[in-house]
Amino acid sequence: MSNELNERQREAVTCTEGPVLVIAGAGSGKTRVLTERIAHLVRNVGVPPWNILAFTFTNKAAGEMRERLERASPGISQSLWVGTFHATGVRILRRHGDRIGVRRHFSIYDADDSANLLKAITSRSMLDARVVKSPRWLHDRISRMKNELMSPELAMEQARDRVEKRVAELYAQYEKDLRRANALDFDDLIAKVVELFAADEDVKAEYATRFRYVLVDEFQDTNPIQMAMIDALASHYRNLFVVGDDDQSIYGWRGAKVEHILQFEDVYPGTRVIRLEQNYRSTQTILDAANQVIANNVGRKGKNLWTDGPVGDKVQLIESLDEETEAVNVFHTVRALVTKGENLKDIAILYRTNAQSRALEEAFKLGSLPYQIIGSVRFYERMEVRDVLAYCKVLANPDDSTNLKRIINVPRRGIGKASVDLVEAKSAETGRSMMDLLRSGAPGAPGAHVLPAAAAKRCQAFLELFASLESVAEHEPAPRVVEAIVEKTEYMKYLKDDYPDSDARIENVEELVNAAHLFAESSEDKSLRAFLEEVALVADVDALDPEKGALTLMTLHNAKGLEFDCVVITGLEEGLFPHYNSIDSEREVEEERRLFYVGMTRARKHLYLSCASVRRRMGHIEGSVPSRFLLEVPEQCLEHAVAGASAGRASADTAGATDGAVGWESHARDEIAAAHRQPDYESFSQEESVEFEVGMRIRHESFGPGVVRKVEGGGDHTRVTVIFDSGGERKFLARFAPMRPI
DNA sequence: TGGTAGAGGCTTTTT
DNA sequence: GCCTCTACCA
């Protein structure tokens with residue numbers, strides 16, 4: 001793509017001085033603009049790369065930008081600061097954190113660590129069970145406050161009832177315990193930087209004068225604490241360049257404020273506003289559909305994407321009976337695309353919730369199509385991986401009591417809850433870390449004043465093991481340390497003895513060892529601490545590998561910033577997308593709609609939308625109504641797809657071929673045969689609209705015969721209530737429901 | 001202290 | 001429907 005920049009893009013690249021706001025529609029080439037702007041600054045304006053700071057949304061985006069710049073002008077990416085807010089925050093805090101009491105070797109707590117710490121805090125008081133729904137819930141509340149720059153003190157001041165008061169107290173305690181453990185949670189990585197800049201003018205000035213040019217990608221998804229960090233960093237030169245799209249703001253639930261875009265000109269007077277509306281990605285049809293959908297949102301800046309590319313195919317609608325059938329239909333769709341010459345790596349399947357990946361995964365496994373799932377059960381969240389990492393974390397920072405508790409009796413070494421509770425209570429009482437307490441006391445007797453002799457002896461054994469690991473960690477690079485942990489704790493033996501599915505778990509541990517080796521090969525600093533830092537900051541999307549030759553399954557949120565030739569969006573049903581929890585609030589429905597818009601605009605050539613008429617939800621089977629978003633797609637852009645033989649069980653015939661030895665082409669015959677045995681659900685759906693009337697006898701493909709009780713609305717929005725002979729009453733959208741008069 | 005069985009909660013999205 | 005946590009017993 002070495003084409004010429006268009007006029008607007010060129011303006012965005014070359015207009016270097018003062019604040020600039022770029023409203024960049026989906027596929028309008030904003031990544032390119034960002035990269036070229038940096039290249040322009042260095043090459044043509046003569047700015048040294050170390051005077052430039054750029055924020056990206058993921059590490060992957062940062063890596064790609066670095067790579068492109070490196071290709072254009074070798075050597076430049078070395079001294080350039082490009083990264084996520086979190087990664088940049090860590091970098092600053094490792095250098096200057098000590099000015100506000102953040103010790104050098106702090107641990108980074110992920111959501112799980114934070115929840116564990118909060119659990120320990122709340123379980124100290126019985127009363128908290130009534131106030132706190134779950135540690136996660138509490139962490140959510142605290143996280144939101146941190147992201148809004150609210151201290152525990154301020155939270156206490158503003159607390160309006162007993163629950164809020166108690167939450168504020170727990171927030172304060174949480175902060176105290178984090179400090180005692182020498183740990184920062186995820187939000188702290190940014191919050192502490194803001195605190196540092198507020199507390200120390202010199203440090204702030206040092207960074208603000210160093211970074212003459214500050215660039216921010218995905219600006220619509222910045223939250224107040226990130227905005228505060230940006231403000232501080234850009235305070236001296238005010239050469240702040242932000243790129244965003246208010247229509248793609250999908251992180252409101254995480255505190256992101258679209259207002260940052262809408263009010264940018266007020267906060268930064270003299271802002272040059274540049275709009276990029278020409279789309280270089282999608283077909284006209286896909287853009288028409290997406291434009292129409294997003295037009296249903298009020299309170300947006302308003303824009304219309306256009307392209308001078310081809311009209312392209314219509315958006316295809318896939319209707320299925322249930323989740324499993326949907327998965328099979330999606331599988332057939334993908335297979336047909338591949339037969340037509342599409343590459344698997346250019347195909348993505350997107351969904352609202354991670355849980356939806358299960359059925360899809362099953363279908364693709366059965367059909368032997370290679371796929372990669374982003375997110376879902378995250379690698380670094382697996383129990384066995386966390387165990388080994390917990391050893392690493394405690395080695396890097398012995399005061400990390402949350403992780404010490406995790407490993408002190410894993411594998412089992414006879415140190416039970418009673419002992420741990422004793423030490424923990426003592427720790428809370430004295431303010432000393434648990435490791436500190438264990439190691440102190442009379443010589444040869446860990447926690448001599450705390451534990452009974454038998455327990456103390458077992459703790460002694462643990463301390464000896466730990467000391468031997470420490471001596472490895474002292475001189476050896478990260479991979480050797482990880483290996484030593486696995487060996488000396490006999491961790492694999494523990495997995496084999498205790499877990500029936502030990503094979504997969506052992507593989508995961510091996511993969512972690514592998515990851516450590518990979519890290520050591522590619523990184524200058526090979527220390528355990530550096531490794532832990534990288535592990536803490538990677539996101540799921542960072543693992544996305546287009547060279548794998550596999551199709552991609554992921555949430556719509558994860559798809560932000562990516563693009564594919566073919567995109568399938570599944571689960572377009574009321575309650576799932578838009579999600580139940582958002583459905584009562586117009587504001588939240590609009591965010592869901594933006595999420596749908598993001599999904600649609602990921603597609604270059606082919607877009608498929610899929611829904612099912614029943615879906616399992618937490619064990620129950622529930623009838624579902626097609627999403628309102630489907631109705632917002634203009635009829636002339638939409639076409640009912642023939643998703644091949646759609647018999648729900650078709651691929652069961654291929655079960656014997658799951659080892660992948662047999663290519664999927666050879667299954668076609670089996671499936672045609674199976675389709676004859678199974679009812680063909682596709683042929684069941686409405687080709688032309690039927691006028692339903694009250695009292696009419698109908699047959700629904702999944703619920704059987706019934707009587708129409710009520711008809712509401714008109715045209716595409718007609719809703720029909722049916723009482724089924726089997727007893728249930730359900731409401732459907734006439735346009736989509738797989739039923740007809742009998 | 002460790003093992004087991006039953007209850008309960010969970011699923012919205014993530015750096 | 002699955003996973004995690006808790007309570008109780010050996």
Side-chain angles (χ1 to χ4, degrees), chain A residues 55-62 83-90 108-112 114-116 119 123 129 133-137 139-140 143-144 146-147 185-191 218 221-223 225-226 249-256 323 350-359 374-378 380-383 409-421 452 454-455 458 497-498 501 536-542 554-561 571 575-583 588-589 591-592 594-596 598-599 615-621:
Chain A
F55 288 111
T56 58
F57 199 70
T58 62
N59 297 295
K60 185 164 166 283
T84 61
F85 284 100
H86 293 89
T88 306
V90 171
I108 299 170
Y109 271 16
D110 60 23
D112 209 70
S114 292
N116 283 336
K119 205 168 108 194
S123 62
K133 277 163 87 182
S134 72
R136 293 252 164 204
W137 173 88
H139 182 233
D140 256 27
S143 175
R144 209 156 310 152
K146 280 194 186 185
N147 281 310
D185 72 9
F186 243 90
D187 304 312
D188 284 339
L189 301 181
I190 300 163
E218 307 284 8
D221 285 322
T222 52
N223 60 34
I225 197 90
Q226 292 167 332
S249 156
I250 54 174
Y251 284 93
W253 52 275
R254 203 167 81 180
E323 207 164 6
L350 310 179
Y351 36 78
R352 177 70 237 267
T353 67
N354 280 307
Q356 289 168 255
S357 68
R358 185 165 283 168
I374 306 298
S376 193
V377 194
R378 298 187 181 87
Y380 288 110
E381 280 175 21
R382 298 203 147 99
M383 166 229 124
N409 200 33
V410 174
R412 230 166 285 112
R413 47 180 75 92
I415 305 173
K417 194 171 177 303
S419 306
V420 173
D421 282 351
R458 288 190 284 258
D497 293 347
D498 281 45
D501 56 345
L537 296 176
V538 291
D540 296 318
V541 236
D542 297 337
M554 64 184 149
T555 61
L556 287 140
H557 281 90
N558 266 323
K560 184 167 98 148
L576 187 59
F577 194 19
H579 197 271
Y580 283 115
N581 301 359
S582 307
I583 229 156
E588 288 176 45
V589 169
E591 180 152 316
E592 299 274 307
R594 290 194 292 268
L595 189 58
F596 183 44
V598 167
R615 193 168 290 268
R616 239 201 296 278
R617 220 189 129 64
M618 291 199 215
H620 310 266
I621 292 177

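Here is the naming used below: chain letters follow the sequence lines, and residue numbers restart at 1 for every chain. These numbers come from the heavy atoms of this one structure, side chains and all, not from hydrogens, waters or symmetry mates.
- One can find a donor-acceptor pair under 3.5 Å joining the base of B/dT15 and the side-chain atoms of A/His86.
- For the pair A/Asp497 CG and B/dG2 C1', the computed distance is 15 Å after rounding to whole Å.
- Phosphate proximity of B/dT13 to A/His557: absent, as no side-chain N or O sits under 4.0 Å from OP1 or OP2.
- Between B/dT11 and A/Arg136, no contact under 4.0 Å exists linking OP1 or OP2 to a side-chain N or O.
- A salt bridge between A/Glu323 and A/Arg616 is absent, with no side-chain N of the basic residue lying under 4.0 Å from a carboxylate O of the acidic one.
- Under a 3.5 Å cut-off, the side chain of A/Asp221 and the backbone N or O of A/Tyr251 do form a donor-acceptor pair.
- For B/dT15, neither phosphate oxygen OP1 nor OP2 lies less than 4.0 angstrom from any side-chain nitrogen or oxygen of A/Asn223.
- Taking the C1' atoms as reference points, B/dT13 lies 22 Å from C/dT4, given to the whole Å.
- Both stacking criteria are satisfied for A/Trp253 over the base of B/dT13: a centre-to-centre distance under 5.5 angstrom and an angle between ring planes under 30 degrees.
- Of the candidate nucleotides B/dT12, B/dT15, B/dG2, B/dT15 has the atom lying nearest to any side-chain atom of A/Arg254.
- Put simply, A/Asn354 has a side-chain N or O that comes within less than 4.0 Å of OP1 or OP2 on B/dT13.
- The side chain of A/Arg458 lies closest to B/dT1, out of B/dT13, B/dT11, B/dT1.
- Aromatic ring centroids of A/Phe577 and A/Phe596 lie under 6.0 Å apart.
- Proximity note for A/Lys119 (side chain, C-beta onward) versus C/dC5, B/dT15, B/dT12: the nearest is C/dC5.
- If you find the closest nucleotide of DNA chain B to A/Lys417 and to A/Thr56, the one lying nearer the 5' end belongs to A/Lys417.
- Heavy-atom nearest nucleotides on DNA chain B were determined for A/Gly414 and for A/Asn581, and the one closer to the 5' end corresponds to A/Gly414.
- Residue-level contact check: A/Asp187 touches neither bases nor backbone, having no heavy atom under 4.0 Å from any strand.
- Residue A/Arg358 is in sugar-phosphate contact alone, with no base atom involved, counting any heavy-atom pair closer than 4.0 Å across all strands shown.
- Among the atoms of the strands shown, only primed sugar atoms or phosphate atoms (P, OP1, OP2) are found under 4.0 Å from some heavy atom of A/Phe57.
- A/Asn409 contributes a side-chain N or O that, together with a main-chain N or O of A/Gly414, makes up a donor-acceptor pair within less than 3.5 Å.
- Residue A/Ser419 places its side chain closer to B/dT1 than to any other of B/dT1, B/dT14, B/dT11.
- Contacts of A/Phe577 with the nucleic acid, taken as non-hydrogen atoms under 4.0 Å apart, are absent.
- Atom-to-atom, CD1 of A/Ile583 to C1' of B/dT13 comes out at 15 Å; the value is rounded to the nearest Å.
- Across the protein-nucleic acid pair, A/Tyr580 atom OH and B/dC10 atom C1' stand 15 Å apart, rounded to whole Å.
- Taking atom CG of A/Asp140 as the reference point, atom C1' of B/dT12 lies 11 Å away to the nearest angstrom.
- For B/dT14, one of the phosphate oxygens OP1 or OP2 lies less than 4.0 angstrom from a side-chain nitrogen or oxygen of A/Thr555.
- Distance CG (A/Leu576) to P (B/dT13): 11 Å, rounded to an integer number of Å.
- Residue A/Asn558 has its side chain nearest to B/dT15 when only B/dT11, B/dT15, B/dT12 are considered.
- Heavy-atom neighbours of A/Arg358 CZ from other residues, nucleotides or ligands within 6.0 Å: at or below the threshold of 12.
- Classified by interplanar angle (parallel below 30°, tilted 30° to 60°, perpendicular above 60°), the ring pair A/Phe55/A/Phe85 is parallel.
- As a whole-Å value, the separation of A/His139 NE2 from B/dT15 C1' is 12 Å.
- Between the CZ atom of A/Arg144 and the C1' atom of B/dT15 there is a distance of 15 Å, rounded to whole Å.
- Within the structure, every side-chain polar atom (N or O) of A/Asn147 is placed at least 4.0 Å from both OP1 and OP2 of B/dT15.
- Between B/dT14, B/dG2, B/dT15, one nucleotide has an atom nearer to the side chain of A/Tyr251 than all others, and that is B/dT14.
- Rounding to whole angstrom units, CH2 of residue A/Trp137 and P of B/dT13 are separated by 19 Å.
- Here A/Ala418 lies in heavy-atom contact (under 4.0 Å) with sugar-phosphate atoms only.
- Taking only side-chain nitrogens and oxygens, A/Lys560 never comes nearer than 4.0 Å to OP1 or OP2 of B/dT13.
- Salt bridge A/Asp140/A/Arg254: absent, no basic N to carboxylate O contact under 4.0 Å.
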